[in-house]
Amino acid sequence: MGNAKPNIVADTFKILILNIGNHYFGAPIENIQDVIQRNPTTPVPLTPPNIIGLLNLRGHIVTEIDVAYTLGVHNRDWLAGNNGYSIVINRGGEMYSLVFEGIGDVVDVMESSIEKLPDTINRKWFSISRGVCRMGDKLVVLLDFNLMIDHLTPEPANMV
């Protein structure tokens, strides 16, 4: 019977706070390869409307995703002129850049503090998030970038 402290670290993980307007999001930092200011992109014809284009990042071709469009956030004036920040992730050898208006701090989140999304949140967000957590007076939606990328292209038709 020593003075052992409970292991509260095992129940926590770190997220990067991101925003688009006054909507706040969190992303686990282990999924993030890089955070950069936006670079010019090359548009690609016939891509889904939430694909901004391609960019060259240190010799790698990266698909840039308009997160605001994907989430249905209508105030996207900040996208003009390459404003905002790109959160670069590597998924199965393919690199993606997810565009947000602003970035904040890296904070610890307790797994037990994650709640399900309230019914008042845009329905599009349910399929690409893990839940929400409260940070002061802000509600932070925890995005799952892998799910977001899965929703970029339609499911292939089953072959018969």
Side-chain angles (χ1 to χ4, degrees), residues 9-21 23-39 41-44 46-74 76 78-79 84-135 138-159:
V9 177
D11 190 31
T12 63
F13 61 98
K14 293 186 180 303
I15 63 169
L16 174 63
I17 302 295
L18 307 154
N19 78 290
I20 298 173
H23 300 285
Y24 291 89
F25 305 97
I29 62 168
E30 69 263 7
N31 296 337
I32 298 172
Q33 181 172 321
D34 213 344
V35 177
I36 58 172
Q37 282 196 294
R38 284 195 58 218
N39 291 314
T41 59
T42 303
V44 179
L46 304 175
T47 56
N50 56 343
I51 302 292
I52 296 171
L54 300 175
L55 64 97
N56 183 337
L57 181 64
R58 296 184 286 278
H60 296 279
I61 302 303
V62 180
T63 303
E64 188 165 67
I65 300 166
D66 181 349
V67 176
Y69 187 92
T70 303
L71 295 171
V73 176
H74 300 292
R76 298 169 42 225
W78 56 271
L79 272 173
Y85 296 88
S86 294
I87 308 306
V88 180
I89 63 168
N90 186 328
R91 180 171 184 242
E94 294 291 324
M95 293 178 69
Y96 296 89
S97 165
L98 297 112
V99 177
F100 290 87
E101 184 175 1
I103 56 173
D105 295 327
V106 173
V107 297
D108 289 323
V109 173
M110 292 188 67
E111 195 73 49
S112 59
S113 70
I114 299 173
E115 304 169 22
K116 70 177 199 152
L117 290 170
D119 291 335
T120 56
I121 286 189
N122 186 322
R123 300 306 296 168
K124 290 181 181 183
W125 299 12
F126 279 77
S127 61
I128 56 176
S129 67
R130 292 184 50 201
V132 297
C133 61
R134 298 187 189 283
M135 302 218 166
K138 295 178 182 79
L139 192 63
V140 177
V141 177
L142 301 175
L143 294 177
D144 185 322
F145 290 154
N146 288 321
L147 290 175
M148 188 177 292
I149 291 167
D150 287 344
H151 285 86
L152 290 178
T153 55
E155 292 286 321
N158 288 335
M159 307 276 296

Can you name the closest pair of heavy atoms from [X] and [Y] and give their distance?
X	Y	value
F13	L142	CZ-CD1, 4.4 Å
L18	A27	CD1-CB, 4.1 Å
I65	Y96	CD1-CD2, 3.8 Å

Is there a side-chain contact between [X] and [Y], using heavy atoms and a 4.5 Å cut-off?
X	Y	result
Y85	I36	no
F145	L143	yes
M95	L57	yes
D144	I128	no

Inset, instruction - List the steps and the verdict of side-chain contact (heavy atoms from CB on, under 4.5 Å) for I20 and V67. - result: CA-CA 9 Å; I20 298 173; V67 176; 3.9 Å; yes

Please identify each residue that fulfils side chain to side chain contact (heavy atoms under 4.5 Å, CB included) with [X], with sequence neighbours left out.
X	value
T47	V44, I51
V35	L16, I32, I87, I103
S127	H151
P118	T120, I121, V132, L139

Inset, instruction - May I have all residue pairs that pass salt bridge (Lys or Arg N to Asp or Glu O under 4.0 Å) and include part of residues 51-65, sequence neighbours excluded? - result: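 Checked against salt bridge (Lys or Arg N to Asp or Glu O under 4.0 Å) - neighbours excluded - the pairs reaching residues 51-65 are D34-R58, R38-E64.
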
Legend entry - Residue pairs involving residues 119-130 (criterion salt bridge (Lys or Arg N to Asp or Glu O under 4.0 Å); sequence neighbours excluded):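 Every salt bridge (Lys or Arg N to Asp or Glu O under 4.0 Å) pair that includes a residue of residues 119-130, provided the two are not neighbours, is E111-R130.
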
Inset, instruction - Using the side-chain contact (heavy atoms from CB on, under 4.5 Å) rule, take M135 and V107 through it: C-alpha gap first, then chi angles, then the decisive distance, then the call. - result: CA-CA 10 Å; M135 302 218 166; V107 297; 3.5 Å; yes

Atom pair [atom1] ([X]) and [atom2] ([Y]), whose distance is rounded to the nearest 0.5 Å:
X	Y	atom1	atom2	value
S97	N39	OG	CG	8.0 Å
F126	L117	CZ	CG	4.5 Å
N122	S129	CG	OG	10.5 Å
I29	I15	CD1	CD1	10.0 Å
L98	M148	CG	CE	6.0 Å
K138	N19	NZ	CG	9.0 Å

Inset, instruction - With sequence neighbours excluded, tell me which residues meet salt bridge (charged side-chain N to carboxylate O under 4.0 Å, His left out) with E94. - result: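 Applying salt bridge (charged side-chain N to carboxylate O under 4.0 Å, His left out) to E94 gives none.
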
Legend entry - Sidechain-backbone polar pair: W125 side chain, V141 backbone, donor-acceptor under 3.5 Å: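 No, W125 side chain to V141 backbone: no donor-acceptor pair under 3.5 Å.
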
Legend entry - Main-chain N/O of V88 paired with Q33 side-chain donor or acceptor, under 3.5 Å: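 Absent.
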
Quick one: list whatever passes side-chain hydrogen bond (donor to acceptor under 3.5 Å, both in side chains) with [X], sequence neighbours left out.
X	value
S112	D11
N56	none
D108	K14

